[in-house]
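Working notes for the structure below.
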Amino acid sequence: MHGTHNAQLAERPAETITRSQTLLFAASVGIIVTNLFAPQTLVGLIGPSLGAAASESGLVSMATLLGYAAGLFFLVPLSDLVENRVLVLRMLGVAALAAAIASFAPSATSLLAVLFVLGAACSCIQVLVPVAASMAPPGQDGRVIGDVMSGLMIGILLSRPLASLAADAFGWRAFYGISAAALALLAILLGLALPRRRPLAHTSYAALIASLLELLRLEPVLRRRALTASLAMAAFSVFWTAVALRLAAAPFHLGQKGIALFALAGAGGAAVTPLFGRAGDRGFTRPATVLCHLGLIAALGLAAWAGAATGGDSRPPLLLMGASAVLLDIGVTGDQTLGRRAVNLLQPKARGRLNGLFVGIFFIGGAVGSLLAGVTWAWGGWNAVCTAGAVFGVAALVVDWVG
C-alpha cells in the first residue's frame, strides 16, 4: 500500500513553473556553472604560481570539466532515483567544501584533485534543469529550457570576467573563497524555495547506471545531439582557454582587468538563448542547428584574422576579436539549447539520465578542447588554436549533413 502511494505521488503532474521559479533556476545554474569556466581565464596565474609548464596549463581547466562529466554520468542519474531537492542540496554542500579547499591548495596535483571533485558536485545543475523542464506547460519545453539556459550561459560567460577581476584584486585563490561562500548561500536559498520532485524510476543504482549505455544505443537523437554539442563545446573551450594568452601578448597587452572586460563581450551571446528554444518549439531545429555551426566556423576564422595583428593600433583587431567571441558563444549556446530541448522530449521517465548523458558527452568535448588549447598554443600559437576550433565546427556540420 505504501509503495502504491509513492507511485501515485511520483506520477502526479508537477506544478506549472512560475516566472519567479524560472528566475530562481536560471540564477542558480548561472552561479554554480561559474566554477567550471573560471579556470580558463585563471590558467595564466594558476600555472606559474604552482610551477606548471605552459603546455600543462590546460590541465587546470580540464580537471573541472572532466569532474563535471563524471558527475553527469554517475551522480545526475540519481535524479531518477532520489528525491531531487535533497540530491541538489547535498551536491551543493560538497561543491562549497571543495571550492573552500581549492582556495588553499598547496600544489598543482592537489588543486587538480579538488577541482575534479568541485566539477563533479557542480553537475547538480543538470538535476535542476530537468526539474524546470518537467514543470513546463505542454508545448513550451523549449521556452522554459531556453530561459533557464540563458542563466546558465550568462554564468558561463560572466565566470571569466568575474574570476579575472577577483584574481586581479586579491589573487586567484580569492575566486574560490568567494565561490565557496556563494555556493553555501545558494544551498540555503534553494533549501527554502526548491520544490520537491519525486523520481519516476524504481530500480537500483547499479541498474540505473547500466541503463545509460542502453539509452545511448536506443536513442539516435541523443547520440547525434550529444556529438554535435561536444564538438561545439570543444571549439568553445579551445578559444576561451587560449584567448587570455593571446590578449596578453602584442599588440593587445591586456592585463587581468582588460581580459575581464573582453570576456564580458561574449556575454551578449546569452541574450539569444531563448530565441533558439522558441525556434525549436516552432519546428526549426535543423536549420537553426546548421546556422549555429556555420556561425561557429565563421567566428574562429574571424578570431584568426584578428589575432594575426602584431603592431599598430590594437583597437580594430580587439573589436574583431570581441565580435568573434560573441558569434562563437551564440553558435555554441544555440546548439546546446536546441539539443537539450530535443533530448528532454525523448523519455520523461529517464529525463535525468538523458540529460546526464547529453551534457556529460558534450563536456568531455569541452575538456578535450581545454587540453588542446595548451598544446596547440605551445605548438603553433593562436593560428593553431583557431584552426583546431574550426576543425571541430566543420565536424559538427558533417554530423548535421549525415543526420
*Please test V243 against W382 for side chain to side chain contact (heavy atoms under 4.5 Å, CB included), starting from the C-alpha separation and ending with a verdict.*
CA-CA 8 Å; V243 74; W382 183 243; 3.9 Å; yes
*Begin from the C-alpha positions of D147 and R19 and carry the test salt bridge (charged side-chain N to carboxylate O under 4.0 Å, His left out) through to its verdict.*
CA-CA 10 Å; D147 289 343; R19 185 61 185 167; 3.6 Å; yes
*Under 4.5 Å between any side-chain heavy atoms of I259 and D168, yes or no?*
no
*With side chains defined as the heavy atoms from C-beta onward, is the minimum distance between L152 and R340 less than 4.5 Å?*
yes
*asked:* Check this for me: does any side-chain nitrogen of one of R341 and D281 sit under 4.0 Å from a carboxylate oxygen of the other?
replied: yes
*Of the non-hydrogen atoms in R246 and P251, which two are nearest, and what is the gap between them?*
NH2-CD, 3.6 Å
*To the nearest 0.5 angstrom, please state how far the CZ atom of R224 sits from the OG1 atom of T289.*
9.0 Å
*Between S237 and A234, is there a donor-acceptor pair closer than 3.5 Å when you use the side chain of the first and the backbone of the second?*
no
*Over all heavy atoms of both residues, which pair between G177 and S103 is shortest? Give the atoms and the distance, please.*
N-CB, 3.8 Å
*Which heavy atom in C122 sits nearest to a heavy atom in L36, and how many Å separate them?*
CB-CD2, 4.0 Å
*Counting heavy atoms not belonging to R90, are there more than 12 under 6.0 Å from its CZ?*
no
*Is there a side-chain contact between F362 and T228 (heavy atoms, below 4.5 Å)?*
no
*Output, in order, the C-alpha distance, side-chain angles, deciding distance and verdict of side chain to side chain contact (heavy atoms under 4.5 Å, CB included) for V33 and S159.*
CA-CA 8 Å; V33 81; S159 62; over 6 Å; no
_Test your reading of the model: is there a side-chain donor-acceptor pair from R353 to the backbone of L208, 3.5 Å cut-off?_
no
_When you measure from the side chain of N84 to the backbone of V82, do you find a donor-acceptor pair of N or O atoms at a distance under 3.5 Å?_
yes
*For the residue pair F252 and P317, establish whether any side-chain heavy-atom pair is separated by less than 4.5 Å.*
yes
*asked:* Please report the interatomic distance CG(L66) to CZ(F116), rounded to the nearest 0.5 Å.
replied: 6.5 Å
*Quick one: does N355's side chain have a donor or acceptor within less than 3.5 Å of a partner on Q126's backbone?*
no
*Taking R225 for the side chain and D335 for the main chain, is one N or O donor matched with an acceptor at less than 3.5 Å?*
yes
*Can you list the steps and then say if L296 with L397 is a side chain to side chain contact (heavy atoms under 4.5 Å, CB included)?*
CA-CA 10 Å; L296 192 154; L397 269 183; over 6 Å; no
*Do side-chain atoms of Y68 reach the backbone of V359 as a donor and acceptor pair under 3.5 angstrom?*
no
_If you count every heavy atom of other residues, nucleotides or ligands that lies below 6.0 Å from Y205 atom OH, does the total exceed 12?_
yes
*Are the side chain of T337 and the backbone of G334 linked by a donor-acceptor contact shorter than 3.5 Å?*
no
*Determine the interplanar angle of the F37 and F236 rings, folded into 0 to 90°, and report it as parallel if under 30°, tilted if 30 to 60°, perpendicular if over 60°.*
perpendicular
_Distance, nearest 0.5 Å, that separates CE of M62 from OG1 of T241_ = 11.0 Å
*Inter-residue atom distance L65.CG - I364.CD1, 0.5 Å rounding*: 11.0 Å
_Check: L72 and I361 side chains under 4.5 Å, non-hydrogen atoms_ = no
_Please report the interatomic distance CH2(W172) to CG(L42), rounded to the nearest 0.5 Å._
8.5 Å
*Below 4.5 Å, heavy atoms only, C-beta onward: do V368 and V238 meet side chain to side chain?*
no
_Has S324 got a side-chain atom pairing as donor or acceptor with M321's backbone, closer than 3.5 angstrom?_
yes
*Are any non-hydrogen side-chain atoms of S28 and L190 less than 4.5 angstrom apart?*
yes
*asked:* Please give me the minimum heavy-atom distance between I31 and A182, naming the atom from each residue.
replied: CG2-CB, 4.3 Å
*Donor-acceptor under 3.5 Å (E219 side chain, V221 main chain)*: no
*S314 side chain near H253 side chain, heavy-atom distance below 4.5 Å*: no
*Considering all heavy atoms of both residues, which atom of L227 and which atom of V399 are nearest to each other, and what is their separation?*
CD2-CG2, 3.6 Å
*Do you know which two heavy atoms are closest between T34 and G155, and how far apart they sit?*
CG2-O, 3.5 Å
*Could you go through the side chain to side chain contact (heavy atoms under 4.5 Å, CB included) check for L115 and N35 one step at a time?*
CA-CA 9 Å; L115 291 183; N35 295 280; over 6 Å; no
_For D329, is there any backbone N or O sitting under 3.5 Å from a side-chain donor or acceptor partner on T333?_
yes
*Just how far is it from atom CG of L183 to atom OH of Y176, taken to the nearest 0.5 Å?*
11.5 Å
